[in-house]
2 protein chains.
Amino acid sequence: MSDLTSQDQGYGTSARQGCPFHDIRQKLRRVGLRPTRQRVSLGWVLFAKGQRHVSAEMLFEEAMKERIPVSLATIYNTLRQFTEAGLLRELTLDGAKAYFDTADHDHHHFVVDGENRVIDIPADEIDVASLPVPPAGYEIARVDVVVRLRKIDG
Amino acid sequence: MSDLTSQDQGYGTSARQGCPFHDIRQKLRRVGLRPTRQRVSLGWVLFAKGQRHVSAEMLFEEAMKERIPVSLATIYNTLRQFTEAGLLRELTLDGAKAYFDTADHDHHHFVVDGENRVIDIPADEIDVASLPVPPAGYEIARVDVVVRLRKIDG
DNA sequence: TTACGTGCAAATAATTTGCAGTCCC
DNA sequence: GGGACTGCAAATTATTTGCACGTAA
């Protein structure tokens with residue numbers, strides 16, 4: 001915020017393959033969020049750089065690595081705002097940490113019991129037949145399937 | 001612990017319908033947990049009294065209501081131990097709170113977005129066809145389906 | 001008896017919030 | 001310029017832990 005004023009949009013030219021910054025800005029505007037420097041940068045990490053599952057801490061470290069000046073509080077705010085805007089999905093696993101994944105496709109998740117790792121299950125590899133009837137007054141907003149894995153004894 | 005010594009096992013005779021305390025003791029012994037006063041009492045609340053989904057806080061309040069002298073730390077310990085023993089299942093939803101449900105049947109869950117409410121989906125009302133192939137070295141331990149509900153706009 | 005369990009209070013860990021300064025439109 | 005956004009640090013919330021005492025086997 002003080003030592004990076006000259007890197008307003010680029011964070012080094014090598015990171016600009018495909019120049020997705022404009023796309024990110026559009027994406028943010030479309031959901032009513034001001035494309036601020038932090039949001040655009042974090043959006044780039046999440047949507048252009050291929051980070052699919054992150055916790056607040058992971059995104060923070062990723063941002064540090066990319067020389068994106070951002071505070072942890074803003075990471076939390078941004079994850080929340082992106083989630084509320086529908087750009088991300090919260091995925092809460094055992095333990096107290098929340099994970100977020102990019103929400104642009106329909107998929108489910110493998111999670112390994114003790115590990116902090118989440119693996120996508122492509123939508124066509126799983127099939128939920130016969131959804132239950134929701135209680136009166138409610139409709140199904142979405143269905144999350146979490147397939148918990150166990151290391152094969154070895 | 002000091003004012004309830006005379007209620008060692010009964011907590012009032014009216015609560016003993018069917019006298020499930022012995023069953024609870026057996027259940028605990030079977031999984032290698034000493035049937036202490038607290039564990040038996042909490043087990044009774046969870047398994048005999050029909051409490052199906054609880055958070056630590058809910059179980060604590062329930063225990064207070066039943067005049068079961070138990071500390072919050074013991075609630076946490078007990079929930080953890082029961083879960084490790086396979087008597088309970090942890091169900092982590094959005095937000096920081098963990099929920100636990102009795103694990104003796106195969107079922108999934110409805111959850112309503114903003115509310116602290118969990119509703120069982122009977123196993124026969126949902127059907128996951130075509131499970132995905134787990135990554136090499138792993139096997140599927142269990143599949144959790146969470147159907148998120150939204151109040152029909154009113 | 002003796003190891004295991006429990007209660008208390010203090011310690012952690014993740015996340016949120018209040019407020020002063022900053023930036024986008 | 002003005003309201004939305006960010007950063008910092010302090011506050012909250014859920015949960016864990018260390019240790020002295022109590023209790024089941």
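Reminder, nothing fancy here: chain letters follow the sequence lines and each chain counts from 1. Note that the structure is predicted; figures quoted are calculated from it, not measured.
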| So, is B:Thr36 close to the C:dT6 phosphate, meaning a side-chain N or O under 4.0 Å from OP1 or OP2? | yes
| Roughly, in whole Å, what's the span from OH in B:Tyr76 to P in D:dT13? | 12 Å
| field | D:dG3 OP1/OP2 closer than 4.0 Å to side-chain N/O of A:Arg34 | value | no
| message | I want to check one thing: is the phosphate of C:dT6, taken as OP1 and OP2, less than 4.0 Å away from some side-chain N or O of B:Arg37? | response | no
| task | Find which nucleotide of DNA chain D each of B:Ala96 and B:Pro35 is nearest to by heavy atoms, and output the residue with the more 5' nucleotide. | result | B:Ala96
| Given the rule in the side chain to side chain donor-acceptor pair (under 3.5 Å) test, do A:Asp144 and A:His109 qualify, once you have shown the distances and angles that lead to the verdict? | CA-CA 8 Å; A:Asp144 287 337; A:His109 300 96; over 6 Å; no
| task | Starting from P on C:dG5, measure out to CG on B:Leu42 and report it in whole angstrom. | result | 14 Å
| task | Would you kindly confirm whether B:Val128 and A:Leu131 end up in one hydrophobic cluster when ILVMFWY residues are joined by side chain heavy atoms under 4.5 Å apart? | result | yes
| Same cluster for A:Tyr138 and B:Val147 if Ile/Leu/Val/Met/Phe/Trp/Tyr side chains link at under 4.5 Å? | yes
| Rounded to the Å, how far apart are B:Leu28 CG and C:dG5 C1'? | 13 Å
| request: State the CZ-CG distance between A:Arg148 and A:Leu93, to the nearest 0.5 angstrom. | output: 6.5 Å
Could you list all N or O pairs between the protein and nucleotides 8-12 of chain C that sit under 3.5 Å apart?
none

| query | Quick one: do B:Glu62 and B:Lys49 make a salt bridge, cutoff under 4.0 Å? | reply | yes
| Between D:dA24 (C1') and B:Phe21 (CZ): distance, integer Å | 17 Å
| query | Nearest-Å distance, CZ (B:Phe82) to C1' (C:dT6)? | reply | 14 Å
| D:dG18 P sits how many Å from B:Asn77 CG, rounded? | 12 Å
| query | So, the side chain of B:Arg39 versus the backbone of B:Leu33: is there a donor-acceptor pair under 3.5 Å, distance only? | reply | no
| task | Taking atom CG of A:Asp113 as the centre, report whether more than 12 heavy atoms of other residues, nucleotides or ligands fall under 6.0 Å from it. | result | no
| query | B:Lys97 NZ to C:dA14 P: how many Å, rounded? | reply | 19 Å
| message | Could you tell me how far apart A:Gln81 (CD) and C:dT17 (C1') are, to the nearest whole angstrom? | response | 14 Å
| request: Starting at the 5' end of DNA chain D, write a dot or bracket for each base, bracketing those in Watson-Crick or G-U wobble pairs whose two distances are under 3.5 Å and using | for partners on another strand. | output: |||||||||||||||||||||||||
| field | Phosphate contact (C:dG7 OP1 or OP2) by B:Gln38 side-chain N/O below 4.0 Å | value | yes
| said: Taking 4.0 Å as the cut-off, does a side-chain nitrogen or oxygen of A:Arg39 come that near to OP1 or OP2 on D:dT6? | reply: yes
| If only atom types and distance count, is the side chain of A:Thr74 paired as donor or acceptor with the main-chain N or O of A:Val70 below 3.5 Å? | no
Please tabulate, one pair per line, all N/O donor-acceptor pairs under 3.5 Å involving side-chain atoms of residues 52-60 of chain A, not counting sequence neighbours.
from	atom 1	to	atom 2	distance (Å)
A:Arg52	NE	A:Asp120	OD2	3.2
A:Arg52	NH2	A:His105	NE2	3.3
A:Arg52	NH2	A:Asp120	OD2	2.4
A:His53	NE2	A:Asp120	OD1	2.7
A:Ser55	OG	A:Met58	N	3.2

